[in-house]
Amino acid sequence: MRTIIEPFRIKMTEPINLISKEERIEKLKKAHNNVFFLDAEDCAIDLLTDSGTGAMSAQQWAALMLGDESYAGSKSWKKFESTVRNITNFKHIFPTHQGRAAEGLLAMTRIKDGDVVPNNSHFDTTRANLEFSGAKAINLLCEDGLNTESDAPFKGNMDIKKLEQCIAKYGADKIPFGMITITNNTGGGQPVSMENIRATKEMLSAHKIPLVIDACRFAENSYFISEREEGYKGKPLIEIAQEIFSYADAATMSLKKDGLVNIGGFFVCNNNDWAEDFKNMLILREGFPTYGGLAGRDLEAISVGLMEALDLDYQKYRNATMRYLNKKLDESGVPVIKPNGGHAVFLDAKKFMKHIPSLEYPGISLINALYIEGAIRAVEIGSVMFGSFDKDGNEIASDLELVRLAFPRRVYTQSHFDYLAEVIIEVWKKRGQYKGLIITKQAKVLRHFSCHFKSK
Ligand code: F0G
């Protein structure tokens with residue numbers, strides 16, 4: 001088979017600054033050993049997130065110029081509404097400035113103290129928003145999803161048996177909605193099968209519980225379905241996406257991912273009461289419902305970006321880059337999550353840094369090593385991001401200790417990927433020399449963004 005090439009050429013470039021190792025050691029010390037405090041210009045390859053970091057196409061930049069900045073009922077809103085409706089077929093469509101705004105307003109309008117919300121795996125902002133409104137956010141990921149070595153095709157699937165038990169345990173009246181996150185960001189960017197989305201819907205429906213899809217990476221998930229699920233080969237990605245949304249009662253979305261833009265989100269639903277409550281809070285917090293915290297030009301760029309994300313050649317190229325890096329690392333013995341995720345390559349820090357116990361944060365140790373050795377910035381998805389405390393204040397480790405290398409869309413080229421592989425393999429070979437850390441300062445919620453670390 002021929003090499004899968006980038007289905008675009010580059011019109012505009014940004015310089016990459018590669019500071020020396022000595023400078024990096026100094027910078028990281030000043031950043032309290034937390035890469036969130038580093039300046040972006042000190043990171044040569046910035047894989048902190050795939051969110052809002054992508055490159056827009058010439059068509060998107062051109063569309064910006066068409067932005068209609070009218071406060072209410074702009075032409076740009078009409079375009080946004082019709083694109084989102086075409087893909088999702090929802091009755092009510094609301095723009096928000098990003099994903100967590102949609103989650104926050106949903107939680108604020110639908111959650112009561114003591115409620116429970118199951119999900120395959122909640123993303124951190126989803127969990128935080130639900131818990132802030134008084135709900136318990138529960139993860140019910142399938143067994144394969146917890147096994148970093150299994151190469152099952154849909155490791156993001158919900159465990160339907162556990163979902164049934166969850167409903168029986170808490171009672172349907174305590175569950176205002178169930179969620180499913182596609183792809184499953186916190187569990188390795190692994191996809192959810194159409195069959196599993198359908199089964200989740202059926203289980204929830206049997207108890208009259210609505211299903212809300214966290215749709216940030218719906219286009220990548222659609223691509224995986226087309227590649228891996230019986231009956232979907234050759235089906236246009238938009239039709240797969242339409243079928244996914246047909247099983248949902250509502251969806252939240254961060255357009256900073258598969259909207260291929262730098263800012264934006266949405267909430268969509270069919271229920272009139274949900275829409276009315278959401279709209280009222282949207283006006284209070286984000287803006288009038290036809291712009292929802294975005295500029296008219298953003299709505300234009302989103303309308304183009306959403307359709308570009310559903311382009312098969314784009315998804316083939318995107319997936320090929322992840323597969324390339326995953327394979328290269330795997331062949332060198334580096335513990336990676338298999339198969340590759342949709343937006344990121346995930347390293348298994350528990351296995352990578354075997355000598356560091358979970359509560360000394362092997363993921364942070366690995367991230368800091370990647371920065372020092374190669375000016376690469378990655379993010380921990382493990383005990384710092386998801387650790388919790390029991391009622392006596394003892395810290396509980398997360399099930400998985402992962403390091404995520406999240407790839408901005410259409411930004412890095414093949415030689416950047418080769419460089420990454422070289423640095424990671426070098427760190428792997430020297431892994432024994434890296435130490436665990438302790439936390440010296442932390443916030444009560446979303447501590448990973450701002451906590452300070454000290455080397456053991
Ligand atoms: N849901 C999922 C699955 C996400 O991955 C994110 C963001 C959100 C919701 C919130 O969206 O950032 O627009 O408010 N994930 C980014 C990340 C931040 O790096 O994975 P947002």
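Ligands are counted one by one from 1 in listed order, and the atoms in each one are counted from 1 as well.
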Scan the side chains in residues 282-289 for donor-acceptor partners under 3.5 Å anywhere in the protein, sequence neighbours excluded, and list what turns up.
from, atom 1, to, atom 2, distance (Å)
Glu286, OE1, His97, N, 2.6
Glu286, OE1, His97, ND1, 2.9
Glu286, OE2, His97, ND1, 2.9

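In summary, Glu6 and Arg318 do not engage in a salt bridge, as defined by a charged side-chain N under 4.0 Å from a carboxylate O.
In this pair, Phe449 and Phe36 present their aromatic rings perpendicular. The plane angle is above 60°, beyond the 30 to 60° band. Using a 30° and 60° split on the angle between ring planes, Tyr291 and Tyr71 fall in the perpendicular class, above 60°.
Closer than 4.0 angstrom to ligand 1 by heavy atom are Thr49, Ser51, Gln98, Gly99, Arg100, Glu103, Phe123, Thr125, Thr181, Asn185, Asp214, Cys216, Arg217, Ser254, Lys256, Lys257, Arg404, sorted by chain and number.
With sequence neighbours left out, Asp50 forms a side chain to side chain donor-acceptor pair (under 3.5 Å) with Arg217, Arg409. With sequence neighbours excluded, no residue satisfies side chain to side chain donor-acceptor pair (under 3.5 Å) with Asn34.
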